[in-house]
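Every number for a ligand or one of its atoms is a count from 1 in the order of the listing. These numbers come from a predicted model, not from an experiment. In what follows, residues are counted from 1 in the order of the sequence shown.
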Amino acid sequence: MERFNAWGKNFVPHISKETIERSIKGCAAAMNERYRDATDETAPIFVSILNGAFVFTADLLRETTFPSVLSFIKLSSYEGSASLGKVTEVIGLNMDIAGRDIIIIDDIIDSGLTMMGLKRQLLEMNPKSIAVATFIHKKHSCDKSLMVDFAAIETTEDSFVIGYGLDYDGIGRNLPSVYILEE
Ligand code: IMP
Ligand code: MG
């Protein structure tokens, strides 16, 4: 498809299916190395953030070779008190993560604020470790506060992208590759 229109905006092809496939294999290879000693008892827990990460999660997990378990969560964010600022509530985490290795999976990390907030909350549940995996990491030269352990695609491109799970106001998640907003 040469062009995709969502809510009156034009998106053009940006990252091909082939590139996505290759980058996910690379990402999984790094994970397979890091968690190669995992057993059924110590299996890392993937915590995948709905809705955006569902496509990446499905493809990534099928490239991993160590035992793992999977939990999908949703984040609902609301304005807290002035001192708390924006509060993110974690919905659906249905297992005890104490003492376990956690791998958070998101679709895209931009400012990193969403991920930092979630990481802080999960740390309070005393996991053994927390790693962050993302399909796309929008790298900004300015912020180094969030550690991204596994990124399939790293980009300095700042424009809005959709497809492969990513949406523009709900539309575009079904696109098999990544499209970028046309300037
Ligand atoms: P952050 O807190 O700034 O890292 O924002 C992360 C969230 O913003 C992601 O989980 C996405 O839902 C959304 N987001 C940021 N950039 C894009 C984009 O280019 N396309 C689609 N969603 C995006
Ligand atoms: Mg998201």
Could you see which bit of Ile108 sits under 4.0 Å from ligand 1, with heavy atoms only: side chain, backbone, both or neither?
both

Within-cut-off N or O pair, Ile109 and ligand 1, under 3.5 Å:
no

Show every ring pair (Phe, Tyr, Trp, His ring centres under 6.0 Å) that has at least one partner inside residues 12-45, sequence neighbours left out.
Tyr35-Phe66

Check each atom of ligand 1 against the heavy atoms of Asp107 and keep those under 4.0 Å away; list them by number with element.
9 (C), 10 (O)

List every atom of ligand 1 that sits less than 4.0 Å from any heavy atom of Asp106, numbering the atoms from 1 in the order shown and giving each element.
10 (O)

All heavy atoms of Asp149 vs all of Ala131, minimum pair found to be OD1-CA, 3.4 Å

Rounded to the nearest 0.5 Å, what's the gap from CZ on Phe56 to OG on Ser48? Could you check?
9.0 Å

So how far is it from Phe46 CZ to Ser71 OG, rounded to the nearest 0.5 Å?
12.5 Å

Atom 16 (N) of ligand 1: which of His137, Met116, Lys138 has the nearest heavy atom?
Lys138

Closest by any non-hydrogen atom to atom 20 (N) of ligand 1: pick that one out of Ile180, Val161, Leu166.
Val161

Check this for me: does any side-chain nitrogen of one of Glu18 and Arg22 sit under 4.0 Å from a carboxylate oxygen of the other?
no

Per-atom filter on ligand 1: closer than 4.0 angstrom to a heavy atom of Asp167 are 21 (C)

Going by heavy atoms in the side chains, are Leu122 and Leu93 under 4.5 Å from each other?
yes

Report the part of Met115 in contact with ligand 1, treating N, CA, C, O as backbone and CB onward as side chain, heavy atoms under 4.0 Å; options are side chain, backbone, both, neither.
neither

Per-atom contacts of ligand 1 with Thr114, taking only distances under 4.0 Å to non-hydrogen atoms:
1 (P), 2 (O), 5 (O), 6 (C)

Report yes or no: does Ile162 have a heavy atom closer than 4.0 Å to ligand 1?
no

Residues Pro13 and Glu2: closest non-hydrogen pair is CD-O, 3.0 Å

What I want to know is whether Gly112 and ligand 1 share at least one N or O pair that is separated by under 3.5 angstrom.
yes

Hey, does Leu166 have a side-chain heavy atom less than 4.5 Å from the side chain of Ile136?
yes

